[in-house]
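This is the structure I have questions about; it appears just below.
Basis for what follows: all heavy atoms, side chains included, without hydrogens, waters or symmetry-related copies. Lettering follows sequence order; numbering is per chain, from 1.
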Amino acid sequence: MPTTIASAAPAVDIASLAHHTGQTVTLRGWVYHLRSSGKVRFLVLRDGSGMAQGVLVKGRLPEDDFQQFERLTLESSVMLEGLVRAEPRAPGGYELEVTRVIPVQIAPEYPISPKEHGVAFLMDRRHLWLRSPRQQAILRIRDEVCRACRDFFHDRGFVLIDTPILTPTACEGTTSLFETNYLDRGKAYLSQSGQLYLEAAAMALGRVYCFGPTFRAEKSKTRRHLTEFWMVEAEAAFYTLEDIMQLAEALVRFVVLRVLEHQEPQLRLLERDTAPLAEVDGPFPRLSYGQALEELQRHGKDLAWGEDLGADEETVISQLFTRPVLVHRYPKEAKAFYMQPDPEDPRLALCVDMLAPEGYGEIVGGSQRLDDLEALLARIREHNLPQEPLEWYLDLRRYGSVPHSGFGMGIERLVAWICGLHHVRETIPFPRLIDRIYP
RNA sequence: UCCCCGGUAGCUCAGCUGGUAGAGCGGGUGGCUGUUAACCACCUUGUCGGCGGUUCGAAUCCGUCCCGGGGAGCCA
């Protein structure tokens, strides 16, 4: 139950403790750790901004407050009033000499200890797991990544376009969709990409991007897959494949450098070796599909022409370089219906995948879009897609069609790579996986 | 959907070729005036995932189902 007793001292964040040396302040947060050696008691408090140690010395604070310590448990919420002072023995260099202890709510035995836990146990308690320093660091980096993406596009004149989440039909037809009832109008599907809508917006505003959740009902059970994930997608009129490759490269470089610049403490907490990240500050290697096949052959992996690169192949390719690699111009059979054929080799599509280094796989997929109405109609027929729900999309080729290109970047995969995580599930606050929708 | 691995105390795990269920951590009580995942003493904890089978006897062997983890395909 919330306390009705308020502290007279000003409330401050732990992160700003150093600026309040010599002052009496109030910290408000949760108990992270408790230690006692009898008449001297230590309480490590976390408040979201950081952690600080409070010291309770018997006789130097009211006996009632000293005794309140006995009631506290891990993750109990509490307000501590005390004097801030520099203390080399304290973690962080500053501590609070506590003069008042005001419990807000006393927690029962907390299930997550600082010791080891299994993944399933932690995932079932994701709502509590978020409180751990590691998860906080990851979420702060995710926040930085998202803001960097928005800044990048805003700075280049791209307009944010929110594309619909409820859609009447598949964008690509290949992957399975989450289905839902749409009132009296039959089925609707959760968006698996904002691309087609973004193309419409690009014909209105020139350069656009979207940033939102994406849903894929694929039964993919790997470290790189979620059923609900976040994607930033860009689309620009008059952009060629070359333009979009440069844009995607610049975006990844911008985001990674920004995280290195602003989130160094978090990367250190995660024990991430930042040397591979700093590598992005230079041109990304490029490989055509044909060159990729040659490289694979050189490394003992024979792939038939026309086959898409699998996970093993992607790993081999990405390990050839220290920077993300752009693999472009795949056989069009391996790719989606809306891609422009390569004028120099019509068997190829003008598309690109960016593979992250260190085995993290594909983080960007993009292409120049098919802009000719008749060719697009032919491709739709080849892929056995229904034409009627795509009529609006075909209108974009009827009314002032222009060459245009775009790409999508998976936020969780990028964050996983930046943080050096083994699985994307830790990069999103509440992951949705093939067999998990709790909490 | 397919392949591999696992399920034993609140948590992390040990338990060998079948013979009465264990440790560490956590929790509780007491002690300690500077602790750093504190320390010391004592105490606390079980449908061994479910069901069926083999056996004198099953946590252990077999079958099956459930749940979890890792990977593949597909994709970001």
Under-3.5 Å donor-acceptor pair between Glu95(A) side chain and rG34(B) base: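 Answer yes: a donor N or O sits under 3.5 Å from an acceptor.
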
With a 4.0 Å limit, can you tell me whether Lys58(A) has a side-chain N or O closer than that to the phosphate oxygens OP1/OP2 of rU33(B)?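 No, because none of the side-chain N or O atoms of Lys58(A) sits under 4.0 Å from OP1 or OP2 of rU33(B).
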
Check the distance between rG10(B)'s P and Leu122(A)'s CG and give it to me in whole angstrom.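 Going from Leu122(A) (CG) to rG10(B) (P), I get 17 Å.
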
Nearest whole angstrom, please: distance from the P of rG71(B) to the CG of Leu433(A).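 Interatomic distance, CG of Leu433(A) to P of rG71(B): 12 Å.
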
Select from Leu34(A) and Met354(A) the residue whose nearest nucleotide in RNA chain B is closer to the 5' end of that strand.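 First, find each residue's nearest nucleotide; the 5'-ward one identifies Leu34(A).
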
base_contact_polar (rG34(B) base, Arg85(A) side chain, donor-acceptor, <3.5 Å):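 Yes.
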
Tell me what Arg41(A) touches on the nucleic acid: a base, only sugar-phosphate, or nothing, going by heavy atoms under 4.0 Å.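 Arg41(A): no heavy atom of the nucleic acid under 4.0 Å.
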
Quick one: label Arg125(A) by what it contacts on the DNA or RNA (base, sugar-phosphate, nothing), any heavy atom closer than 4.0 Å.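 Nothing, no nucleic acid heavy atom in range.
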
With rounding to the closest Å, how many angstrom separate the C1' atoms on rA37(B) and rG70(B)?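 Going atom to atom, C1' in each nucleotide, I get 29 Å.
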
Charged N to carboxylate O under 4.0 angstrom, Glu333(A) versus Arg347(A)?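 So Glu333(A) does not pair with Arg347(A) through a salt bridge.
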
Under-3.5 Å donor-acceptor pair between His225(A) side chain and rC75(B) base: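 Side chain to base: pair present.
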
Atom-to-atom span, CZ of Arg223(A) to P of rA72(B) - whole angstrom: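 To the nearest whole Å, that distance equals 7 Å.
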
Just wondering, do Arg35(A) and Ser37(A) contact through their side chains at under 4.5 Å, heavy atoms?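 No, every pair of side-chain atoms sits at 4.5 Å or beyond.
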
Can you tell me how far apart CZ (Phe158(A)) and CZ (Arg150(A)) are? Round to the nearest 0.5 Å.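 Spacing of CZ (Phe158(A)) from CZ (Arg150(A)) equals 15.5 Å.
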
In the structure shown, which nucleotide is the Watson-Crick or G-U wobble counterpart of rC48(B), with both distances under 3.5 Å?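 With both distances under 3.5 Å required, rC48(B) matches none.
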
Return the pairing partner of rA72(B) with a 3.5 Å limit on both distances, Watson-Crick or G-U wobble; otherwise return none.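 The base-pairing partner of rA72(B), which may sit in any strand shown, is rU1(B).
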
Are the ring of Phe229(A) and the base ring of rA76(B) both nearer than 5.5 Å at their centres and tilted by less than 30°?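 One would call Phe229(A) stacked on the rA76(B) base.
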
Just checking Gly310(A): base, sugar-phosphate only, or nothing, at a heavy-atom cut-off of under 4.0 Å?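 The answer is sugar-phosphate, as Gly310(A) gets under 4.0 Å only of primed atoms, P, OP1 or OP2.
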
Nearest to the Ser37(A) side chain among rC74(B), rG34(B), rG70(B), which nucleotide is it?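 It is rG34(B).
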
Please determine, for rC42(B), whether a Watson-Crick or G-U wobble partner exists with both distances under 3.5 Å, and give it or none.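 Checking every strand shown, rC42(B) finds its partner in rG28(B), with both distances under 3.5 Å.
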
Side-chain donor/acceptor of Ser113(A) to base of rC11(B), under 3.5 Å: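 By the distance-only test, no, there is no pair.
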
CD on Glu233(A) to OH on Tyr197(A), rounded to 0.5 Å: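 Rounded to the nearest 0.5 Å, the OH-CD separation comes to 12.5 Å.
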
Would you kindly give the CG-to-C1' distance between Asp308(A) and rA72(B), to the nearest whole Å?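 Answer to the nearest Å: 14 Å.
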
What is the ring orientation for His127(A) with Tyr438(A), classed by angle as parallel under 30°, tilted 30 to 60°, or perpendicular over 60°?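 The arrangement is perpendicular - the two ring planes meet at more than 60°.
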
Under 4.0 Å between a Lys/Arg side-chain N and an Asp/Glu carboxylate O for Arg140(A) and Glu144(A)?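 Salt bridge between Arg140(A) and Glu144(A), a charged N being under 4.0 Å from a carboxylate O: no.
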
Determine: side-chain N/O of Arg60(A) to OP1/OP2 of rG34(B), distance under 4.0 Å, yes or no.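 Answer no for this pair, as no side-chain N or O of Arg60(A) is under 4.0 Å from OP1 or OP2.
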
A side-chain contact here means heavy atoms from C-beta on lying under 4.5 Å apart; do Arg125(A) and Pro111(A) qualify?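 Answer yes - side chains close enough.
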
Taking any strand in view, what nucleotide pairs with rG6(B) in a Watson-Crick or G-U wobble way, both distances under 3.5 Å?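 With both distances under 3.5 Å, rG6(B) matches rC67(B).
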
Would you mind telling me which of rC75(B), rG73(B), rU33(B) lies closest to the side-chain atoms of Val57(A)?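 From the listed options, rU33(B) comes nearest.
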
Kindly say whether, by distance alone, the side chain of Arg413(A) makes a donor-acceptor pair under 3.5 Å with the base of rC75(B)?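 Looking at the base of rC75(B), it does pair with a donor or acceptor on the side chain of Arg413(A) (distance under 3.5 Å).
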
Contact class for Met409(A) (heavy atom, under 4.0 Å): base, sugar-phosphate, or nothing?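 Counting heavy atoms under 4.0 Å across all strands, no contact is made by Met409(A).
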
Please classify the nucleic acid contact of Leu226(A) as base, sugar-phosphate, or nothing, using heavy-atom distances under 4.0 Å.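 Contact class for Leu226(A): base.
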
Can you measure Leu190(A) atom CG to rC75(B) atom P for me and round it to whole angstrom units?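 Value for this atom pair: 20 Å.
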
Between Arg436(A) and Ile363(A), name the one whose nearest nucleotide on RNA chain B is closer to the 5' end.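 The residue mapped nearer the 5' terminus is Arg436(A).
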
Atom pair distance, as rounded to whole Å: CZ in Arg35(A) and C1' in rU35(B):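 Going from CZ in Arg35(A) over to C1' in rU35(B) covers 5 Å.
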
For Asp435(A), report the nucleic acid contact type (base, sugar-phosphate, nothing); a contact means any heavy atom under 4.0 Å.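 It contacts sugar-phosphate atoms only.
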
